[in-house]
J.: 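Okay, here's the structure, questions in a sec.
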Amino acid sequence: PNPIRIKGDEKQYPFVFVSTGHDGTGSFEGACSSYRPSCSNALRWAMSKACLRWAIRHSSKSAQRIADIKRSVRSVNESFEELGSVYRSLADIPLSPRTAAYFLQTLIPLETKDSDRTKKSKREKQVQISHLFDGEMAGNTPEIKGTAYAMLQSITEYADHHQTTRKTNGKSEQESR
């Protein structure tokens, strides 16, 4: 599929990821998603947000499963077009500094019952996302700066690259996210 054009030079790229175990012990797997090339974690994020995923075990019913998947994949281009439409709509919605601040306060509310430590942590998150939104976000092009799309990308970048994540159960920080 063609790149999803958002606004100006801003693009997202649709892709299909496929893997298989050639020895017949693993399934033939695939996923369809899109990614923003300025994000260094694009593949991991895109795979986690895949709009269509499949797996085919090596069996006598594999041929039927492949036919089913072919039918499903035909709708992928339409899905990417719809996604592009949503992104372009967000890129056309300007967010004033006041509106952006209100949005972040709604997204990450400071509750009266929160401890001082929790309030401080929430304020820091709001400030970090605000800085990303104000222009420190990777690949922030002039055409998307100050828009709802830029806010979405700022939140995504914060979650992928800036949010502190505790390592749990022997997993790395990246795996814990």
J.: Which atom pair, heavy atoms only, marks the closest approach of Gln12 to Tyr149?
T.: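 Of all heavy-atom pairs spanning Gln12 and Tyr149, the closest is NE2-OH, 3.1 Å.
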
J.: Quick one: salt bridge (Lys or Arg N to Asp or Glu O under 4.0 Å) partners of Asp9, sequence neighbours excluded?
T.: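 Asp9 satisfies salt bridge (Lys or Arg N to Asp or Glu O under 4.0 Å) with no residue once adjacent residues are dropped.
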
J.: Would you list the pairs meeting salt bridge (charged side-chain N to carboxylate O under 4.0 Å, His left out) in which at least one residue belongs to residues 94-107, sequence neighbours left out?
T.: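 Residue pairs with at least one partner in residues 94-107: there are none.
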
J.: Is the shortest heavy-atom distance from the side chain of Arg117 to the side chain of Lys122 under 4.5 Å?
T.: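 Sidechains of Lys122 and Arg117: no contact.
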
J.: Taking atom NZ of Lys145 and atom OG of Ser154, what is their separation to the nearest 0.5 Å?
T.: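 Going from NZ on Lys145 over to OG on Ser154, the span is 10.0 Å.
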
J.: Excluding sequence neighbours, so at least two apart, what forms side-chain hydrogen bond (donor to acceptor under 3.5 Å, both in side chains) with Glu143?
T.: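 In terms of side-chain hydrogen bond (donor to acceptor under 3.5 Å, both in side chains), with neighbours along the sequence ignored, Glu143 is linked to Thr141.
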
J.: Distance-only check: which donor-acceptor pairs under 3.5 Å involve side-chain atoms of residues 103-111, not counting sequence neighbours?
T.:
from	atom 1	to	atom 2	distance (Å)
Thr106	OG1	Tyr102	O	2.9

J.: With rounding to the nearest 0.5 Å, note down the distance linking NZ in Lys11 to CD1 in Ile4.
T.: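 Going from NZ on Lys11 over to CD1 on Ile4, the span is 12.0 Å.
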
J.: Got a second to check how far Ile129's CD1 is from Tyr158's OH, nearest 0.5 Å?
T.: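 One finds 6.0 Å between CD1 of Ile129 and OH of Tyr158.
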
J.: Go through Ile93 and Thr147 one step at a time and tell me if the side-chain contact (heavy atoms from CB on, under 4.5 Å) criterion holds.
T.: CA-CA 5 Å; Ile93 300 171; Thr147 66; 5.8 Å; no

J.: Within a reach of under 6.0 Å around NZ of Lys120, are more than 12 heavy atoms found that belong to other residues, nucleotides or ligands?
T.: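 Result for NZ/Lys120: open.
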
J.: Could you check Ser89 against Val86 for side-chain contact (heavy atoms from CB on, under 4.5 Å), going step by step and ending with a plain yes or no?
T.: CA-CA 5 Å; Ser89 294; Val86 170; 5.7 Å; no

J.: Among residues at least two apart in sequence or on other chains, which ones pass side-chain hydrogen bond (donor to acceptor under 3.5 Å, both in side chains) with Thr118?
T.: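 Applying side-chain hydrogen bond (donor to acceptor under 3.5 Å, both in side chains) to Thr118 gives Ser115.
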
J.: With Lys125, which residues qualify under salt bridge (Lys or Arg N to Asp or Glu O under 4.0 Å), at least two apart?
T.: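 By the salt bridge (Lys or Arg N to Asp or Glu O under 4.0 Å) rule, Lys125 matches no residue at all.
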
J.: In chain order, what residues pass the side-chain hydrogen bond (donor to acceptor under 3.5 Å, both in side chains) check against Ser85, with sequence neighbours excluded?
T.: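 Scan of Ser85 (side-chain hydrogen bond (donor to acceptor under 3.5 Å, both in side chains), adjacent residues dropped) gives none.
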
J.: Determine which pairs satisfy salt bridge (charged side-chain N to carboxylate O under 4.0 Å, His left out) with at least one residue from residues 85-97, sequence neighbours left out, and list them in order.
T.: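 Residue pairs passing salt bridge (charged side-chain N to carboxylate O under 4.0 Å, His left out), neighbours aside: Lys7-Asp92.
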
J.: Verify whether one side chain among Glu10 and Tyr87 offers a donor that lies under 3.5 Å from an acceptor in the other.
T.: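 No - no donor-acceptor pair under 3.5 Å links their side chains.
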
J.: Looking only at heavy atoms, which two atoms of Phe133 and Ala100 are closest? And how far apart?
T.: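 Looks like CE2-CB, 3.6 Å.
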
J.: Could you give the distance from NE2 (His131) to CD (Gln126), rounded to the nearest 0.5 Å?
T.: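 So the gap between those two atoms works out to 11.5 Å.
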
J.: Where do Leu95 and Met151 come nearest, in terms of heavy atoms and distance?
T.: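 Distance-wise, the nearest heavy atoms are CD1-CB, 3.8 Å.
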
J.: When rounded to the nearest 0.5 angstrom, what is the spacing between CD in Glu124 and CD in Gln128?
T.: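 The CD atom of Glu124 sits 7.0 Å away from the CD atom of Gln128.
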
